[in-house]
Amino acid sequence: MAGEGGDGAMTGSSADERARVAEEQMTDDERFSLLVSVMGVNDVVTVRDERIPEGVPMSAGYVPGVPRLGIPALLMSDASLGVTNPGYREGDTATALPAGIALGASFNPVLARQAGGMVGREARSRGFNVQLAGGVNLARDPRNGRNFEYLSEDPLLSAALAAESINGIQAEGVISTIKHYSLNCNETNRHWLDAIIDPAAHRESDLLAFEIAIERAQPGSVMTGYNKINGDYAGGNSVLIQGVLKGAWDYPGWVMSDWGGTPGWQAALQGLDQESGLQLDVMMWQAEWFTARLRQAYADGDVPKERLSDMVRRILRSMFAIGVDAWGTLPEVDMARHHQIAVETARQGIVLLKNDGALPLATGTAARIAVIGGHAQIGVPTGCGSSAVVPPGGFAEVIKVGGPGIMGVGRNLYLLPSSPLAELRKLLPAAQIEFDPGMNPAESALMAARCDIAIVFAVKLDSEGFDDPDLSLPWGQDAVIEAVAAANPETVVVLETGNPVVMPWRDRVRAIVEAWYPGQAGGQAIAEILTGAVNPSGRLPVTFPADLAQTPRPDLPGLGTPWGAAVTIGYTEGAEVGYRWFAQQHQQPLYAFGYGLSYTTFDYSDLQVHGSDTITTTFTVTNTGQRAGADVPQLYLTSAAGEERMRLLGFQRVELQPGQSRQVTMTADRRLLARFDGRDGITGNWRIAEGTYRIAVGKSAHHLVLTADTPLRGS
Ligand code: BGC
C-alpha cells in the first residue's frame, strides 16, 4: 500500500514496520481501544457517548488515538458524495456532489479523481481522517434503494471510477474505505438478508469490482455489508474476509463492519478488525461486541494474542501508509472550485435518452414554456440516507416522507438549492416561462395547452433502507406526463431519479433527459443541457429494462415483509449482471447500458485487434456532426472460445471538435476475458480458454458498430 501522496505517506513495507513497532509497545487497553468506533450524536443516536471527548467534531465514528506513540484519533465521516452532516454538527455544510450513478454515467475516471480530491480536502479541513466512501456494489436490481449511491452495474466501470475517487481522497492524506463488502445489493430488510450466489460467479462480478479497485487505489479500509452472503453475515464471513480479501488478494489494510453490522465478538476470529458505530450494535443485537465481550474472550484464551496484534497492526499500517499521523498544514479549501467540480460532474452525468429534435431549446427563443412538477421552482432532489450531503446554505427544502422501520425517520425528499426553473429563466431570457407544480394532471394540462413547449420534471425518491416496489414514478407523475403530452405534443421530460424507471408515455414525448440526482449545481447543469450550452455526453451506467419481467427477479424476495423479516435472495444471474443478463437472454431493454445521445454524431472506423495473452484494440473515433462534443466508445467482448459472453472490456471518454478524429487504444484486463475456475471462490485461477474471441466497439451494449475476431492462447 504505497502512499498516494498524502503528507507523510510512505511505502507499504515501512508502514508495516512502523505498525509492528508501534503495536509492540502498546498495552492491551490501548490495543482494544482501537477496535471500536463510537458514533456521534445525530437524529438516531441522541445521547452523547462519554467515550467521545469534548471538542471532537461529531461524526459517524470516533476511535481514540494513542498520543504517547504519536497515533492520532480516527475521526470518520461519510461518504462518497461529499462530507455529510445528518445532525452531527450545527450548521456545518459541504459541497454536495451528484449521485454516484451520475458519476458512473460520466464514464470519466478523471472526474472521479477530482471529486475524490474535493471530498478528501473537505474531510480533512474538518479534521476527519477516515472517509467512509468507495461504494462499489453493483446495481444488480433496478429497485435497489441505494443504487444512486453506487456507480454502475459493471465491475470494470465501477472499479475504475471507485479507484480514482479513493485515490483522490487518499491523496489528501485521508483514509478511504471501499464498501459494502459484498453483495449489499438490496435494501429490503438488509440486516436479515441472505444473498446467495455461486462463489465463482461472485468473483467474476461484485468481487471483481472490489478486486480491481483495491489494486488500483489501495484503500486503507474495507467496510463489510449488513447482509449475509451464502449464509454468513458479511461482518463475520471468513470465506470473504480471510479467504478472498486477506488471503487471495493479500489485502494489508483493516476491515471494519458497517454501523450495526458486527454479528458477534467471534467476527474477530473470522477476519473483522473493527466494530463500527457500536451504539447501533446495541440497537440491533443488544450488545457491544469488541469491548468487554471480546476482552473476555481474549482473557479466556479464545482470541489468540497474534490475532489481536494483527487487528491493531492493520489499522496502524493504513494510518501510516496514508499519512494520517503526519498531517502538515490544512489544505486550502476553495469552495468555488469545489462547486465547479459539482457542476462538471452533473454536466457529464446527465444522459439524453430521446430527442426527436426538440432539444436543444434555442437560447433566443421567445416561446411560451411551461415548466411543470418536480419541485423545479425550488431545487433538485438528492438520494436519502447516510450519503446525503447538506449543501452550502442548507437544503432548499426538506419534505418529510417517512416509512416503516428504523430508517423511516430519516426518509425525506431533500431538495438542493439549484432550481431548474430559475436556471432556465437565466439561459432563456426572452422566453415566457411559467411554473405549474404538477399536482393535478388536468391542471398541468391546462398550462401545457396554452404554451408552446412543456418541460415536465419528474422525481423519484430512492433511499438507503428501502427498495423501490417497482419501476414507476411515484406521486402520480406518470399521469401528469400523459396529460401534458396529450395537451402539448412539444413535451420534454426531465427525470431526476436514482434508478431506472419505466416510461409508459415514452412515444408521446419529444425528448427525455435522465438527470439523476444532479447535486448542488443540478438545476444549472440541467438548464445548460436543455439549452445546448452543454452538449450531453453521459451514458447509462445501468440498463433501463422495459419492465421487471425482463430482469432476473421480477418479484423481489422479501418486498413488503415487515422490518425484521428474514429474506433470502438468490442472485441466480451470477456474474451475468445488467447488460450481460440482457445479452444472455437476448432481450431488448428500454435503454441499454452505455447508451446516451449527443447533439452531435460520432463514427468509428479502422478497427485493429491484436490478441496474445490479452486483447488490444485500436480504432478511430470521429465527430461527424456540427458541434463539439464528447463520446464514450465502449469495447465489449461478445463471445469467448465459441461461447456467447458479454463483458465490457474498456471505455474512454473522448472530446472532439466537429470533424476531428482521435485514435483510441484499449487493452483488456485478462480477468474480463477469463472465467474463475475455483468452486469455493477462494482458491482457483482465472482461466482463458484457447480459441477465437469476438470483440465489438459499440455506442452501447446493444449498439455494436465494429466487430472483429482474434485468437487467444489458453492459460
Ligand atoms: C451505511 C454506511 C455508512 C454508515 C455510517 C450505514 O448505515 O450503510 O454506508 O458509512 O452507516 O454512517
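We count ligands from 1, going down the list as the structure has it; atoms in each ligand are counted the same way. Only this structure's heavy atoms are used, side chains among them; waters, hydrogens and symmetry mates stay out.
Atoms of ligand 1 lying under 4.0 Å from at least one heavy atom of M223, given by number and element, are 10 (O). Listed by atom number, the atoms of ligand 1 under 4.0 Å from K179 heavy atoms are 2 (C), 3 (C), 9 (O), 10 (O). Each of the atoms 1 (C), 2 (C), 3 (C), 9 (O), 12 (O) of ligand 1 lies under 4.0 Å from some heavy atom of S386. Atoms of ligand 1 lying under 4.0 Å from any heavy atom of L132, numbered from 1 in the order shown and given with element: 10 (O).
Distances from atom 10 (O) of ligand 1 to the heavy atoms of N184, N42, L280, D78 show the closest one on D78.
Looking at M407 against ligand 1, nothing comes within 4.0 Å, counting heavy atoms.
Looking at heavy atoms from C-beta onward, R51 lies in side-chain contact with T291 at the 4.5 angstrom threshold. Using a 4.5 Å cut-off on side-chain heavy atoms (C-beta onward), P57 and F128 make contact.
Distance from atom 6 (C) of ligand 1 to its nearest protein heavy atom, with residue and atom name: D258 OD1, 3.0 Å.
Looking only at atom types and distance, the side chain of W254 has a donor-acceptor partner in the side chain of Q274 under 3.5 Å away.
Heavy atoms of H180 come nearer than 4.0 angstrom to ligand 1 in at least one pair. Close to ligand 1: E464, with a non-hydrogen atom less than 4.0 angstrom away.
Between Y181 and W249, the ring-plane angle classifies as perpendicular under the 30° and 60° cut-offs.
No more than 12 heavy atoms of other residues, nucleotides or ligands sit less than 6.0 Å from atom CD of E50.
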Using the rule given for salt bridge (Lys or Arg N to Asp or Glu O under 4.0 Å), can you reason through E573 versus R553, listing the C-alpha separation, both sets of side-chain angles and the distance that settles it, and then say yes or no? CA-CA 9 Å; E573 72 277 24; R553 275 167 301 289; 2.8 Å; yes

May I have the step-by-step check of side-chain contact (heavy atoms from CB on, under 4.5 Å) for Y226 and M284, ending in yes or no? CA-CA 11 Å; Y226 282 128; M284 288 302 306; over 6 Å; no

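Taking distance alone, with nitrogen or oxygen atoms compared against 3.5 Å, Y226 approaches ligand 1 more closely than that limit.
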